[in-house]
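Chain letters run A, B, ... following the sequence lines, proteins first and then strands; every chain starts at 1.
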Number of protein chains: 2
Amino acid sequence: MPEDRPHTRGPVPHGHVTLADVARHAGVSAQSVSNALNNPARVAPQTRERILAAVDELGYLPNRSARALRNQRSRLIGVRVEASRDDRAALLLDQFLHALAESASANGCHLILCQADDEVEEVAAYRELLGTTSVDAFVLTGAHAGDARVAALRDLRVPFATFGRSWDGDTDLAWTDVDGRHGLYVATSHVAAQGHRRIAHVGWPGSSDTGRDRLAGWVEACKDLSLDTDLHAEVADDFEEGRRAAHQLLDLAEPATAITCASDTLALGVCRALAERGLRAGPDVAVTGFDNSPAAALSTPGLTSLRQPLEQVAHDLVTAVEALVNGATEPHQSLLRPELVVRGSSLRGPTD
Amino acid sequence: MPEDRPHTRGPVPHGHVTLADVARHAGVSAQSVSNALNNPARVAPQTRERILAAVDELGYLPNRSARALRNQRSRLIGVRVEASRDDRAALLLDQFLHALAESASANGCHLILCQADDEVEEVAAYRELLGTTSVDAFVLTGAHAGDARVAALRDLRVPFATFGRSWDGDTDLAWTDVDGRHGLYVATSHVAAQGHRRIAHVGWPGSSDTGRDRLAGWVEACKDLSLDTDLHAEVADDFEEGRRAAHQLLDLAEPATAITCASDTLALGVCRALAERGLRAGPDVAVTGFDNSPAAALSTPGLTSLRQPLEQVAHDLVTAVEALVNGATEPHQSLLRPELVVRGSSLRGPTD
DNA sequence: CTGTTAGCGCGTTCAT
DNA sequence: ATGAACGCGCTAACAG
């Protein structure tokens, strides 16, 4: 019960339980309460007991702002949310954010969002968040070669980790990524096991490292299977582009009978093209995507795709930034394997 | 350039520009700088000029923690992210969060995330965020009748607004919702305009207010068109349930030739059922969904659906909580109309 | 109109 | 082992 001293200067009281309230309740000084919580070794076991009991009884929760002000650490991790596009499958941002929030929470952290429509705005948003000291670290998504955001954050000397490699051979970067090469190797092998020999790949332009990586998995599998590696298209990650590319691959003298794609968006565009030609995805032409987006499970037939282990990605990223915040010098890096989710679009038999 | 006074007590300096730095630079007191920024009327125009110049020159950004500590306001809005389910279309959470972050940003606020897997956990998360005074207000999604979260937040006396009505006739609640009734009226009218007379509705159980609302729109349209209103199913929001319901509606003596659904998830399940019977969505049976999720645009044929105006929803919600934070007593409420996005699944002619 | 004082809640330093 | 002082950066209240 707060005392009834008259309030003169400073903000109006808000009625929350403070360290001082706990101290009064336990009959000790505020510092001892602080120690009992943050530095248990410095306080006698019995005193500690009593203090913790008081903490519990009063339902004390430390004030985040006061702590941040004092410690120069907010325990907040900044993340950007970008606009999703209608012509692309979900960014999986909701799944990723959920996983990230969960991992952060397990580390006593929270996520603070910033919004930006391009990478220049994004850096500005980071700068603002950092300048107001409301953030300890950042998690970036979609890192790429020559990423200006990486350079900017380095410049600002703030800890961060990226979902996606920088592909610079940058050993100083903390990152987690999904092994697209392995994923496409698995997907290609899978459709080959269904008896396909004319297996195509619809991927992203060579300027995309991730695209090149996924392409490499397809090439590797084709070579291991003694298949041609000429059947591939490089297009933007766009439904229409996927559709168009499929039509071309099916117009060939020896048309593709299976098409592996770098994304669900492209794969669903391919499925559209098949339908337009009266072909069935699965029995006639096998199709695989990447991401296992909600659309993959809900389309007809179901789209075979590669599930990204987002929970693990999130865990690794949070671990990585926490380590950096705590002064680690060796950055965490991890490459995780996606998991093939087989649905009707790649099966000869009756669709699921 | 900070002076080289020896540092004794307190945390180590972090090198950020503070109010005091600006004051020194401009040759005024810290208070005047604060006033120049927050209370311009209280400072002489010329002084203000000089101060703002110094702010600009030094790149001063106010420290969020210090401000929050002093003002008892963090300018942070709490939002829960929940796990998405594989058997449902995207929650649109990414689009919603982006829009919300943008609106918040326009109000000088940021979003802080908390994660919870059910509504009990959710309340606990809110309580924690509030107890650590790291939040000014909350935005809830999916409010429903007898919502325990609403009761809990009221109890905590924290401002909040909900996406979704409480359906209690609660005039004290700040909410924004999308008019599902209107949406289904429009969708039903649309398929009727395509010549359909046996129009069904696959919706949620009567226990769902939102489900009842959408159903009512279908009923209303049917009555206005003198159509039967017996063709409807009440099922959980699940792909398989939609599929099953469609089979039943198509097994009738006078089968449905059009099926309007309460969600894209259900509609895509319906499309699956059609494919299983060798029927084409569009030319044979018209199908409409709700949400305009990414899967709707990317499936084949494209799924006609109702787009929720999420940017406006986000704007209204932020406006509503800001008003409450600033002491408004009259809660903002707004009901927005969804927009029909027509694609191949509801058209007789060639699919788009 | 401007400067001084004081304190928001916490944790490190120092003294006991 | 515990307590007192001090300051993180900011702003309301007051005095000049």
Inset, instruction - Using distance alone, with no hydrogens and no angle criterion, decide if B:S166 and B:D147 have a side-chain donor and acceptor under 3.5 Å apart. - result: no

Inset, instruction - Decide whether B:Q31 and B:S29 meet the rule of one side-chain donor and one side-chain acceptor closer than 3.5 Å. - result: no

Legend entry - Closest to side chain of A:Y60, choosing from C:dC10, C:dC8, C:dG3: C:dC10

Legend entry - Protein-nucleotide distance (B:I51, atom CD1; C:dC1, atom C1'), rounded to Å: 11 Å

Inset, instruction - State whether a side-chain donor-acceptor pair under 3.5 Å links A:S65 with B:S65. - result: no

Legend entry - Partners passing ring-ring contact (aromatic ring centres under 6.0 Å, His included) against B:Y60 (at least two apart in sequence or in another chain): none

Inset, instruction - Enter the inter-axis angle for the ends of the helix from C:dC1-D:dG16 to C:dT16-D:dA1 (five pairs per end, rounded to 10°). - result: 50°

Legend entry - Distance in angstrom units between A:L69 CG and D:dT11 P, rounded: 12 Å

Legend entry - Presence of A:S34 side-chain N/O under 4.0 Å of C:dC10 phosphate oxygens OP1/OP2: no

Legend entry - Selected nucleotide, minimal atom distance to A:Q31 side chain, candidates D:dA12, C:dG9, C:dT12: C:dT12

Inset, instruction - State which residues pass side-chain hydrogen bond (donor to acceptor under 3.5 Å, both in side chains) with A:S74; sequence neighbours excluded, sorted by chain then number. - result: A:D136

Inset, instruction - Describe the nucleic acid contact of B:L19 in one word from base, sugar-phosphate, nothing, applying a heavy-atom distance below 4.0 Å. - result: base

Side-chain donor-acceptor pairs under 3.5 Å in residues 103-112 of chain B, sequence neighbours left out?
from	atom 1	to	atom 2	distance (Å)
B:S103	OG	B:A99	O	3.3
B:S103	OG	B:H315	N	3.4
B:N107	ND2	B:S103	O	3.1
B:H110	ND1	A:L113	O	3.3
B:H110	NE2	A:E128	OE1	3.2
B:H110	NE2	B:R64	NH2	3.4

Legend entry - Distance below 4.0 Å between B:R67 side-chain N/O and D:dT11 OP1 or OP2: yes

Inset, instruction - Indicate whether OP1 or OP2 belonging to C:dT2 is found under 4.0 Å from a side-chain N or O atom of B:S32. - result: no

Legend entry - DNA chain C-proximal residues of residues 38-50 of chain B, any heavy atom under 4.0 Å: B:R42, B:V43, B:A44, B:T47

Inset, instruction - Starting from P on D:dA13, measure out to CG on B:N35 and report it in whole angstrom. - result: 12 Å

Inset, instruction - Report the distance from atom CZ of B:R70 to atom P of C:dT5, rounded to the nearest whole Å. - result: 16 Å

Inset, instruction - Measure from CZ on B:R73 to P on D:dA12 and round the result to the nearest Å. - result: 11 Å

Inset, instruction - List in chain and number order the residues that pass side-chain hydrogen bond (donor to acceptor under 3.5 Å, both in side chains) with B:Q333, two or more places apart in sequence or in another chain; answer none if no residue qualifies. - result: none

Inset, instruction - Sequence neighbours left out, what passes side-chain hydrogen bond (donor to acceptor under 3.5 Å, both in side chains) with B:R67? Give chain and number order. - result: B:N38

Legend entry - Distance, rounded to the nearest Å, where A:R24 contributes CZ and C:dC10 contributes C1': 15 Å

Legend entry - By side-chain hydrogen bond (donor to acceptor under 3.5 Å, both in side chains) - contacts of A:D172 (at least two apart): none

Inset, instruction - Not counting sequence neighbours, list each pair that qualifies as a ring-ring contact (aromatic ring centres under 6.0 Å, His included) and has a residue in residues 111-132 of chain B. - result: B:Y126-B:F138

Legend entry - Minimum-distance nucleotide to A:A66 side chain [options: D:dC8, D:dG3, C:dC10]: C:dC10

Legend entry - Whole-Å distance separating the CG atom of B:N71 from the P atom of C:dG7: 17 Å

Legend entry - Spacing between B:N63 atom CG and D:dT11 atom C1', to the nearest angstrom: 13 Å

